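Before any comments, here is the structure.
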Amino acid sequence: MVPAEVPDAEAEPDGLEDRLRRFVTIWSRAIFPATATSLTRPEFERHLLPLARSLRDALHDRIFDATPAHGVGAALVGAHCTDPDALARSLGVVDAYLVLYCGEAADPAGELAADELRSRCARLQATFAAGFAQALRERTLAEQEAIARSALAARGAAEDALHATEARFRAVFEGAAIGIGIADLDGRVLEVNDTLTRMFGGLEHHVRSRNVSEWVHPDDAPQVWRMYKELIRGERDNFRTEKPFFRNDGTVLWTNLTVSLLRDVDGVPQYQLALLEDTTERRLLTLRLRYEATHDALTGLPNRTLFFERLEKALAPARETPKDAAKDEAKSDGAKDGAKSGTKEAGPVPAPRPAARFGLCYLDLDGFKAINDSLGHSAGDRMLVEVADRLQSCATAPGEMVARLGGDEFVALTTGPDTQREVGELAARILGALATPISLDGREFTVRGSIGIVEGEAGESTAAEVLRSADITMYRAKSAGGNRFEHADAEADARAITRHGLTTSLPTALERGEFFIEYQPLVHLADGTVHGAEALVRWSHPTHGVLSPDRFIPLAEHTGLIVPLGRWVLEQSVLQARAWQEELAAGTFAGPVRINVNLSPAQLHHPGLVADTVEVLERIGLPPGSLCLEVTESALIGADEDLLKPLRQLAEMGVDIALDDFGTGYSNLANLRRLPVSVLKLDRSFTQGMQQHPADPVDLKIVEGIVSLAHGLELGVTVEGVETGAQAEHLRRLGCDTAQGWYYARPGPPEMLHTLSMADAV
């Protein structure tokens, strides 16, 4: 027990060393009555002072290390403080007073938070207890060895020294700090010392009247009683094991048990000697530490560590025990013999056992961050506790468990032969349990969650692979709107993993020069001459080959790499256009001199768009009129003046702005008047009906109307996806200005346009 005396706060000394000495005084008062030391009280305090200083220094080390506490616990045993009560009192003093006297006062800079100090103090206590227990164990083992040596020496002692030997043995027997018992070979307990009697509850006749065979415990290791039988048969001289016993009041006593065989002078077995070290407190401390290490502090659910242990066990392929294999082999042999002899005594060969299966639900709460941001983390924690309680109520069947991985991520696991059905039912129960609103601070919140389900046969995947698949599937459910569950799909997983790989390799791809540009010509419909070219970026991936923009542009926008990538595309395209102009001036090239470059929505919002474009044009020497920036219609739907301002500035400089994919964004046609665009690029969906014969009259009317509207607004019209001559002829008759598509040329290197332009010139 920690002394009830608590010093008055006003009387506390101010100096660090004085506070340390005050802590030592409290410590010595607590444990001195439980010591067997020959030191006086002041001498004992001086002995404790360097130990306390070691604890204080460990508490405040910049890099925390609890190892010194191990030596403090061992030193306490070295000072003859071997009574278990001394350990309990010491831990109580450290818990109550170490941070109080050696905490903030020793940390004037406030580098360590109070929670960190308490956490360190707790770890120091655990290490302190481990050091004390180890030292006590080593001391006990030394005593055990001394006792064993005494017992063996007594066997060969001469008759005239028998009484002296008996006296010495009795002194050791009665004064030992561990329990000692002697029994005959039939297991009848003949003698026990006071320590063993106290360990079993304090009534000697309750121990001496027992037989060793009565001390069977369900948690006995399988080999304990096998080794015991070998010992009493004289086949072994001793064995050591950890063994639990039931006390008379039903509680459990855990011990380190050493049993030795005592023989007579002729080597014939006579007695068995048992040495028992009480490890109950140490085991309870170990179990408590194990629980804290494997359970979530907030919700009490199993944490990631314990969940992975359980998942790996569930995923391990079922292995047939040697005993089962022998039985199956015997049955199989019997069936074969019966078949050969023609008898009916051999039964049918047993059916193979069903394969072990598992089902996993990976849950992530939808919109939980908004609750944390609006109500605070305290309210968020209360919500997580309520969610954890509801999840536990959903997984109560044998083979089911729920764990918290961290944040608002939970997992539920079910095992058994029918998990294909059970895991879906479990996910439905979870969503149903979350549907009831949760009351927080007088307000009710409906919790939604997205669940990814993975189900399969044990032994097919590792725990990491299963959890990754569940995580990917959960995000697929979240992308589909949330508040639902989705089953894992191998192909979807592969696509997600590929996307992740591309995302992580994007930043270095630009540095390594893995991107290149292909050019697709823009052709005048009136005379078929090359008018310009659109720059289309490609990624030459070292693993996946050449990737089209739809594979990596969305990833670049998501990661923010689209801005440097877009600037690189602009610079390379302008350089190429300038090279064409120089060739045109030299008479070696008949066109084009215009270049179209796509702008992503992220680039539109980048504040350096205008400055970067002007810098590239001026540095390379390309007139602004030779550049056309293409912006998708969807990016400009509902655009305000702040977004349109940089486009207006570029248009005023002479740069053409093309509205790409026109017709797919459902924009108001009246908005065309306020947009700084000079070209409309019709989406290919409007012209696909012109590829058939006869052409779709509806498509003809729509395109005719758009062309009339565009020309009325003094806008040029470009058509994408032209694939047939008939389609090109229809578009020419309808008044479209330019076109591009596979009918003219697929995207290719800039040299390809030489051939087209020279052919036009001829």
Side-chain angles (χ1 to χ4, degrees), residues 1 31 33-36 70 73-74 76-92 125-148 151 171-183 189-210 212 214-221 224 227-228 238-260 272-290:
M1 297 290 293
I31 67 173
T35 64
H70 191 280
L76 206 60
V77 175
H80 304 288
C81 300
T82 57
D83 194 314
D85 196 36
L87 173 61
R89 294 186 180 192
S90 294
L91 293 178
Q125 294 175 59
T127 308
F128 184 108
F132 183 95
Q134 181 177 343
L136 184 60
R137 173 182 174 83
E138 292 173 354
R139 180 190 182 102
T140 301
L141 290 176
E143 291 179 351
Q144 290 177 2
E145 292 174 0
I147 294 169
V172 174
F173 186 81
E174 296 296 342
I178 62 173
I180 303 176
I182 301 176
V189 178
L190 304 176
E191 194 72 35
V192 294
N193 69 350
D194 291 341
T195 303
L196 190 143
T197 302
R198 289 194 301 270
M199 289 166 59
F200 276 87
L203 299 176
E204 182 178 355
H205 65 278
H206 283 175
V207 181
R208 296 186 63 174
S209 63
R210 303 282 293 276
V212 173
E214 299 176 22
W215 278 324
V216 176
H217 191 279
D219 292 335
D220 283 337
V224 170
M227 293 189 299
Y228 174 75
N238 56 70
F239 68 87
R240 180 178 296 176
T241 186
E242 184 180 33
K243 175 170 169 47
F245 295 88
F246 281 120
R247 295 189 179 101
N248 294 323
D249 59 1
T251 59
V252 177
L253 166 70
W254 279 91
T255 68
N256 279 334
L257 170 67
T258 301
V259 183
S260 300
Q272 47 182 311
L273 173 69
L275 307 177
L276 292 84
E277 176 194 1
D278 187 350
T279 61
T280 305
E281 293 296 329
R282 186 168 66 207
R283 182 176 181 85
L284 292 177
L285 177 61
T286 301
L287 292 176
R288 179 62 186 174
L289 295 175
R290 162 70 178 171

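Worth saying up front: this structure is predicted, and the values here are computed from it rather than measured.
Looking only at side-chain heavy atoms (C-beta outward), L76 and I31 come within less than 4.5 Å of each other. You'll find the side chain of P33 reaches within 4.5 Å of the side chain of R89, heavy atoms only. Under the 4.5 Å side-chain criterion, counting only non-hydrogen atoms from C-beta, Y228 is not in contact with L257. Inter-residue side-chain proximity for W254 and L284 is flagged as unmet; no heavy-atom pair is nearer than 4.5 Å.
Closest approach of D219 and P244 over heavy atoms only: CB-CG, 4.0 Å. Of all heavy-atom pairs between R282 and A133, the closest is CD-CB, 3.2 Å. Nearest heavy atom pair, residue M227 against residue T241, reads CE-CB, 4.5 Å. Across A74 and A135, no two heavy atoms sit closer than the pair CA-CB, 3.6 Å. Here the closest non-hydrogen pair linking L87 and A129 is CD1-CA, 4.0 Å.
If you take CG on D220 and CH2 on W215, they are separated by 12.5 Å, rounding to the nearest 0.5 Å. For the atom pair E242 CD and T279 OG1, the distance stands at 5.5 Å (nearest 0.5 Å). Once rounded to the nearest 0.5 Å, the distance linking CG of L273 with CD of E191 reads 11.5 Å. Residue F246 holds its CZ atom at 9.5 Å from OG1 of T251, rounded to the nearest 0.5 Å. Expressed to the nearest 0.5 Å, how far CG of L285 lies from CZ of R283 amounts to 12.0 Å. Atom CG of residue N256 and atom CG of residue L141 lie 7.5 Å apart, to the nearest 0.5 angstrom.
A donor-acceptor pair under 3.5 Å is formed between the side chain of N193 and the backbone N or O of I180. Side chain of T255 to backbone of K243: a donor-acceptor contact under 3.5 angstrom is found. A donor-acceptor pair under 3.5 Å is absent between the side-chain atoms of T258 and the main chain of R240, judged by distance alone.
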Exercise. Between V192 and F200, does a side-chain contact (heavy atoms from CB on, under 4.5 Å) hold up when you go through it step by step?
Worked result: CA-CA 11 Å; V192 294; F200 276 87; over 6 Å; no

Problem set entry | CA sep, side-chain torsions, deciding dist, call: L276, F245, side-chain contact (heavy atoms from CB on, under 4.5 Å) | CA-CA 11 Å; L276 292 84; F245 295 88; 3.7 Å; yes

For this session: Check step by step if side-chain contact (heavy atoms from CB on, under 4.5 Å) holds for H80 and T35.
Result: CA-CA 6 Å; H80 304 288; T35 64; 6.0 Å; no

For this session: Determine, stepwise, if the pair T280 / R247 fulfils side-chain contact (heavy atoms from CB on, under 4.5 Å).
Result: CA-CA 12 Å; T280 305; R247 295 189 179 101; 4.1 Å; yes

